[in-house]
Peer 1: 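Once you've had a glance at the structure underneath, I'll fire off some questions.
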Amino acid sequence: MPNAQLYACFTLGLSAASGLVQREGIVSVLGDDCAALGRYRLHDGAPLPSIPLLGQSAKPVLTKAEKPDLEALVDVGDGSFLALGSGSRPNRERGFRISSTGTVELLNLSPLYARLRDDLPNLNIEGAVLQAGALVLAHRGVGHGSASRLIRLDAQAALDPRHTCWLPNLLHEIRPIALGELDGIALAFTDLACDADGVMHYLAAAEVTED
């Protein structure tokens, strides 16, 4: 591959982007302390109307105690999205289905996340993607040698509009993934994506922390 040069397209009006999808020239992005799905035109970065997730009266920027900590944004493929909370605190066990017309439906992830904590007491979902009939979640391990996990769910059931409460029976598999280390600190998932051939890609980071 010839040498590639990275360049900045535009600046997001967020403190931190936690989930991002680009489709048909529109960039949709989550901020983990935001109450809306932000939208931008790719070619010039012009902001488009955002989609409120917590109602029109919600503050645009939420405190750490208030925020749903939405860390995963999934392109469902029909013009709709899934936005999923990290599960790192009880108030972060919400998800949202966002239709192609901007309609938002609240998801209760608590029963499923409670099951995941049986194996992952420090549950922290950082990314998600659809692959080969499964909804794959990325759990971010922390600390020295703590492996991240890939969690496979029944995608058909998770995407069923009748299911607004995700139950433990969605779970198919929890698989430890060793991503290596950087300066003695374990690399851990920060996001997932699939390319046009269905190959999964990931981002990872090494943080000197136990939390």
Side-chain angles (χ1 to χ4, degrees), residues 12 14 17-40 47-62 66-116 123-139 150-172 189 191-194 198 200:
L12 297 170
L14 302 170
S18 57
L20 184 146
V21 168
Q22 190 278 126
R23 183 203 294 139
E24 298 178 354
I26 296 176
V27 176
S28 299
V29 60
L30 292 171
D32 69 357
D33 60 355
C34 295
L37 179 69
R39 301 167 71 243
Y40 301 82
L48 300 171
S50 61
I51 299 175
L53 302 178
L54 301 177
Q56 296 287 350
S57 61
K59 295 182 292 186
V61 179
L62 304 172
E66 296 171 319
K67 68 180 185 178
D69 200 30
L70 299 173
E71 290 285 352
L73 185 64
V74 182
D75 185 350
V76 176
D78 59 0
S80 65
F81 299 99
L82 280 177
L84 305 177
S86 67
S88 58
R89 293 185 179 188
N91 62 310
R92 300 174 180 178
E93 298 179 348
R94 287 175 286 180
F96 301 89
R97 285 198 189 102
I98 307 161
S99 76
S100 58
T101 60
T103 301
V104 176
E105 184 175 36
L106 178 65
L107 299 173
N108 177 10
L109 310 181
S110 296
L112 172 66
Y113 281 10
R115 166 61 187 88
L116 295 178
L123 182 66
N124 189 8
I125 302 302
E126 287 280 338
V129 72
L130 290 169
Q131 185 195 45
L135 176 60
V136 184
L137 311 184
H139 161 75
L150 287 178
I151 301 163
R152 294 188 176 272
L153 307 180
D154 181 339
Q156 183 176 0
L159 298 176
D160 189 325
R162 297 171 297 177
H163 297 164
T164 57
C165 182
W166 286 13
L167 301 176
N169 60 8
L170 289 180
L171 178 62
H172 282 179
F189 285 128
D191 212 348
L192 298 178
C194 267
M200 187 185 299

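Residue numbers count from 1 along this sequence.
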Peer 1: Is there side-chain contact between L53 and R94, with at least one heavy-atom pair below 4.5 Å?
Peer 2: no

Peer 1: If I take atom CG from residue L30 and atom CG from residue L37, how far apart are they, to the nearest 0.5 angstrom?
Peer 2: 5.5 Å

Peer 1: Let me have the donor-acceptor pairs involving side chains of residues 68-75, under 3.5 Å, with sequence neighbours excluded, atom names and distances please.
Peer 2:
from	atom 1	to	atom 2	distance (Å)
D69	OD2	S86	OG	2.5
D75	OD1	R23	NH2	2.4
D75	OD1	G77	N	3.0

Peer 1: Evaluate the side-chain proximity of I125 to I151: yes if any heavy-atom separation is below 4.5 Å, no if none is.
Peer 2: yes

Peer 1: Within this structure, what is the CG-CG distance for the pair L159 and D154, rounded to the nearest 0.5 Å?
Peer 2: 9.0 Å

Peer 1: Using modelled atom types only, decide if a donor and an acceptor are shared between the side chain of H139 and the backbone of N124 within a distance under 3.5 Å.
Peer 2: yes

Peer 1: Are any side-chain N or O atoms of N91 and backbone N or O atoms of K67, one a donor and one an acceptor, separated by less than 3.5 Å?
Peer 2: yes

Peer 1: Could you tell me the separation between the OG atom of S80 and the CD1 atom of I98, rounded to the nearest 0.5 Å?
Peer 2: 9.0 Å

Peer 1: Measure across A128 and L135 and return the closest heavy-atom pair with its distance rounded to 0.1 Å.
Peer 2: CB-CD1, 4.4 Å

Peer 1: Judged by atom type as modelled, is there a donor-acceptor pair below 3.5 Å linking the side chain of H163 to the main-chain atoms of A157?
Peer 2: yes

Peer 1: For L109, check side-chain contact (heavy atoms from CB on, under 4.5 Å) against everything at least two apart and list the hits.
Peer 2: L84, L107, Y113, W166

Peer 1: Looking at CZ of F96 and CG of L106, how far apart are the two atoms once the value is rounded to the nearest 0.5 Å?
Peer 2: 5.5 Å

Peer 1: Do L171 and L153 have side chains that get closer than 4.5 Å, going by heavy atoms?
Peer 2: yes

Peer 1: Would you name the heavy atoms of G198 and Q131 that are closest together and state the gap between them?
Peer 2: O-NE2, 3.0 Å

Peer 1: If you take all heavy atoms of C194 and V129, which pair is closest and at what distance?
Peer 2: N-CG2, 3.6 Å

Peer 1: Is any side-chain heavy atom of L192 closer than 4.5 Å to one of L150?
Peer 2: yes

Peer 1: Starting at OG of S100, measure out to CG of D78 and round the result to the nearest 0.5 Å.
Peer 2: 6.5 Å

Peer 1: For S28, does its backbone N or O pair with a side-chain atom of R39 as donor and acceptor, under 3.5 Å?
Peer 2: no

Peer 1: With side chains defined as the heavy atoms from C-beta onward, is the minimum distance between D191 and E126 less than 4.5 Å?
Peer 2: no

Peer 1: Just verifying a value: how many Å separate L170 CG and R115 CZ, rounded to the nearest 0.5 Å?
Peer 2: 12.0 Å

Peer 1: Of all heavy-atom pairs between P111 and P168, which one has the smallest distance, and what is that distance?
Peer 2: O-CG, 3.7 Å

Peer 1: For Q156, enumerate each residue passing the side chain to side chain donor-acceptor pair (under 3.5 Å) test, keeping only those at least two apart in sequence or located in another chain.
Peer 2: none

Peer 1: Looking at every non-hydrogen atom in both residues, tell me the closest pair between E93 and G87 and how far apart they are.
Peer 2: CG-CA, 4.3 Å

Peer 1: What's the shortest heavy-atom distance between G133 and A155, and which atoms?
Peer 2: O-CB, 3.4 Å

Peer 1: Checking side chain to side chain contact (heavy atoms under 4.5 Å, CB included) for the pair L82/R97: CA distance, chi angles, key distance, verdict?
Peer 2: CA-CA 5 Å; L82 280 177; R97 285 198 189 102; 3.6 Å; yes

